[in-house]
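Have a look at the structure below, then the notes.
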Amino acid sequence: LQNMMATPIFLQSVTLNPAPGFVVIDLNDRPKAGDPVSFANFLSTNDTRQVLYRLTPKPGSEAAARVATSIGKLDILWKMQLCEVGRLQTSQLPRKAPMVGDVLPVVDAVPAHIVCGEPFAIQLSVSNFSKRIITLRLEDRTQTDDLILHMEAAKIVGPLAPGET
């Protein structure tokens, strides 16, 4: 955020209203209602402030969130010198959706600590974005001695219907 006006402003609130399918977590360290006035909320002419939010998909809408092209709207509320109120609500903030092919593998869980030379397990999920049923086959194609996979040579995991994970 940058104050492009000729006078200082006091930021009352900056909120990200998430797009459908997302949950937002505000990661900004700003005073809460009832806290003493902080000079961190004052913006002189040309001053800037950065805001940070974490967006996560709502449970059950992970696949839709992966291909969403907007993340939500910023709602900015401020006061000027004579207590005039200003407000700006942006249009939907765009994002480039990642290129998703017919099949999207995602690492769901990895141990927090891995000991070199000791076996560990990871959890994967696979989403089918195609319009047809696909048969998943898990096989070891590693070409290195640095990684050893303990699994059957090739395993048919099973059919995955369109839109399923």
Would you give the length of the straight line joining atom [atom1] of [X] to atom [atom2] of [Y], rounded to the nearest 0.5 angstrom?
X: Leu160; Y: Leu136; atom1: CG; atom2: CG; result: 5.0 Å
X: Ile71; Y: Leu93; atom1: CD1; atom2: CG; result: 5.0 Å
X: Gln50; Y: Leu1; atom1: CD; atom2: CG; result: 9.5 Å
X: Arg49; Y: Asn41; atom1: CZ; atom2: CG; result: 8.0 Å
X: Gln81; Y: Phe10; atom1: CD; atom2: CZ; result: 14.0 Å
X: Gln92; Y: Asn17; atom1: CD; atom2: CG; result: 9.0 Å

Look at atom CD1 of Ile133 and say whether more than 12 heavy atoms of other residues, nucleotides or ligands are closer to it than 6.0 Å. no
Quick one: side-chain contact (heavy atoms from CB on, under 4.5 Å) partners of Val24, sequence neighbours excluded? Leu16, Pro18, Tyr53, Leu55
Main chain of [Y], side chain of [X]: is a donor-acceptor contact present, judged purely on distance under 3.5 Å?
X: Thr45; Y: Ala6; result: yes
X: Arg54; Y: Val23; result: no
X: Asp75; Y: Gln89; result: no

Side-chain heavy atoms under 4.5 angstrom apart, residues restricted to Ile, Leu, Val, Met, Phe, Trp, Tyr: same cluster for Ile76 and Leu43? yes
Are Leu77 and Met5 connected in the hydrophobic side-chain network, where two residues link if heavy atoms are under 4.5 Å apart? no
Run the side-chain contact (heavy atoms from CB on, under 4.5 Å) test on Met4 and Asn46 for me, step by step, so that the C-alpha distance in whole Å, both residues' side-chain angles and the decisive distance to 0.1 Å come before the verdict. CA-CA 5 Å; Met4 298 298 292; Asn46 292 323; 4.0 Å; yes
Within the structure provided, determine whether Ile134 and Val103 are in side-chain contact (heavy-atom separation under 4.5 Å). yes
